[in-house]
Amino acid sequence: MMSNLDRISARRDVRRAASLLAAPLLWLLGIYIGALAILFLTSFYTVDSFTNQVIHEFTFQNFIDVFTDHAYLNATLRTLGVAVSVTLVCAFLAIPMAFYMARIASPARRPFLVALVLTPLWASYLVKVYSWRTMLTPESGVIAWLLHPFDVQSPGYGIVGVIITLSYLWLPYMVLPIYSGLERLPSSLLDASADLGASTLQTMRDVVLPNVKPAVIAGSVFTFSLSLGDYITVQIVGGKNQMLGNVVYQNFSLNLPFAAAVASIPVVIMVVYLAMIRRTGALENL
Amino acid sequence: MAAISLAGLTKSFGDVTAVDHINLDILPGEFITLLGPSGSGKTTVLRMIAGFETPSAGTINLDGVDVTMVPANQRDVNTVFQDYALFPHMSVQENVEYGLKVKKVAKAQRRARALEALESVALGEYASRKPSQLSGGQRQRVALARALVNRPKVLLLDEPLGALDLKLRQQMQFELKTLQRNTGITFVFVTHDQEEALVMSDRIVVFNAGRIEQVGTPQDIYEHPLTEFVSEFVGTSNVFSGAQAQSLSGGLDRFSVRPEKIEINSAVTHEITAQGKLKDIEYLGPLIRYVVDVDGQHVIVLSQNDEQNSKDLANHIGHAVTVSWRRDAMQVVT
């Protein structure tokens, strides 16, 4: 039973919480959710083909165009493929890196290693992508020079280049959640596994990986969504390939409703992705 | 042959010597307790026997075989961890089966053995639960089943009862002791709880600052502590030293007397008597605890709860009393 006094103090708590949260909530609702709502709404409008003015008439035409035109469908699949590949490459690189940082390196060196992983984030995005452009230059780039003795060609500018560059860009976002997941893993679990006769590899497979899975999924939310929305990297190192972001960018001024329809695709993919991983408990790891 | 033989075992972490030249033989089928305050090196010794730490010097023999450099996963010992260390993503059954699984025991057989082990700790019905769905005491039993299902020659227990409440702890002490007697497995038990050590062990090894202070049966350790540390860490003691010790005992430099061996204002006075002033009386239920000031030394006396006697003495606080004990109650300590 709540006494009157409790009720008053509860009411006061609500009021205090409201006054604290009002500004961020307004930001979230108005600028974030509101903008998304308008994006969806706009995607059902159309434009006057002479004036490029948005006509507020409800139509599914934009979506029909997106899903029937092979160019757009291919861009969607390519974008999805790049996002999945980047996520896999990042996970593949980040797990051993994070394991070294959290489990093998001495505790005194760990903050230094974390800082080291973060250093690429201090440099400008464009600088990093243009460095990769230089390195990926066919025939004369550093990559071509490195691969030459093995008789392998540089991937040059194209989808592989995009995957390499994006993997480099988003790797820290994968390393950090896995690092913190591994650091939280009680070392007694590793001892227990060895104690029961498991080799290092078996311990990795049976104990470490299942326990960092939520952290890997948390990291994948970053690498996947960041890759899904990227359109600059693909312009710089992607050759003639287009991703969904480029389609949005090109249609932005000509046909805003169509651009909105294309822009909704990654949002929908992301919502589906988040819904899929919700049951793994990984979202509590973010 | 000793089940475990430690020779010159030493472990340093940087400048800190956690374990300093330990020599110890543990007999097959023995329940041996490594007892000491935290930081005394007892857990480090256990971890070296398990193979989780590599000794800085010295050797470890299991059944006569030098295993000093053998990795943990190839040693025929199993451990029950202080935090139980159950795998959170596996069910109770999978946890218990894991050791058999990595040893490639056939599936049907390891199922049966795991279930049998779980039933032996009365957790047969919990096989499909996750560890997080169990209480502390139940997790403890799963950890025990997970270790015992491998039928190790030696079971290492690292303060396994520390996280349990008193009632449950006492029950588990009894169950562990029974289990050890029935299986004949050598138990190496680490604890900082001297009472637990006295109750459970065949032999106790008292650790202090990385060294062994004394090894002996619970009676040995309690009745005949060799050092002041042992006399005060295991039970409580009145340690007398210097001129006071000499005049009381007639020649001993330093000795200890257990509080329950001292009598206060008794009808029969024993060989050693001292005059003092009664400072305090504490009521402990079955026992009464007196504090007597003998020439500036606080002497603790424990007596059976004799209601009349304690009532009489209650009026004596601040007054002179006589304490006395038998000559053979005194134990020379260093």
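In this text the structure is predicted, and so the values were computed from the model without any measurement. Lettering follows sequence order; numbering is per chain, from 1. Atoms considered below: every heavy atom in the structure, side chains included; atoms not considered: hydrogens, waters and symmetry mates.
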For residues B/Phe87 and A/Pro210, determine if any side-chain heavy atom of one lies less than 4.5 Å from a side-chain heavy atom of the other.
no

Can you list every salt bridge (Lys or Arg N to Asp or Glu O under 4.0 Å) pair that touches residues 188-199 of chain A, not counting sequence neighbours?
A/Asp191-B/Arg47

Would you find more than 12 non-hydrogen atoms of other residues, nucleotides or ligands less than 6.0 Å from B/Lys101 atom NZ?
no

Residues A/Pro186 and B/Asp83: closest non-hydrogen pair is CB-OD2, 4.4 Å

Test item: B/Lys103 side-chain N/O and A/Ala198 main-chain N/O as donor-acceptor pair under 3.5 Å
no

Main-chain N/O of A/Asp206 paired with B/His89 side-chain donor or acceptor, under 3.5 Å
yes

If you look at every heavy atom in B/Val102 and A/Gly197, which pair is closest and at what distance?
CG2-C, 3.7 Å

Engaged part of A/Ser193 at the chain B interface, taking heavy atoms whose separation is under 4.5 Å:
both

Quick one, B/Tyr84 with A/Ser188, criterion side chain to side chain contact (heavy atoms under 4.5 Å, CB included). Give me CA distance, side-chain angles, the key distance, then yes/no.
CA-CA 8 Å; B/Tyr84 316 140; A/Ser188 63; over 6 Å; no

side-chain hydrogen bond (donor to acceptor under 3.5 Å, both in side chains) pairs, two or more places apart, involving residues 104-116 of chain A:
none

Counting heavy-atom pairs closer than 4.5 Å to chain A, which one of B/Leu86, B/Asn78, B/Asp76 comes out on top?
B/Asn78

In chain order, what residues pass the side-chain hydrogen bond (donor to acceptor under 3.5 Å, both in side chains) check against B/Asn73, with sequence neighbours excluded?
none

B/Leu100, part contacting chain A, at a heavy-atom distance under 4.5 Å
neither

Chain A contacts: which residues in residues 105-132 of chain B have a non-hydrogen atom closer than 4.5 Å to it?
none

Take atom CZ in A/Phe92; do more than 12 heavy atoms of anything else shown fall under 6.0 Å from it?
no

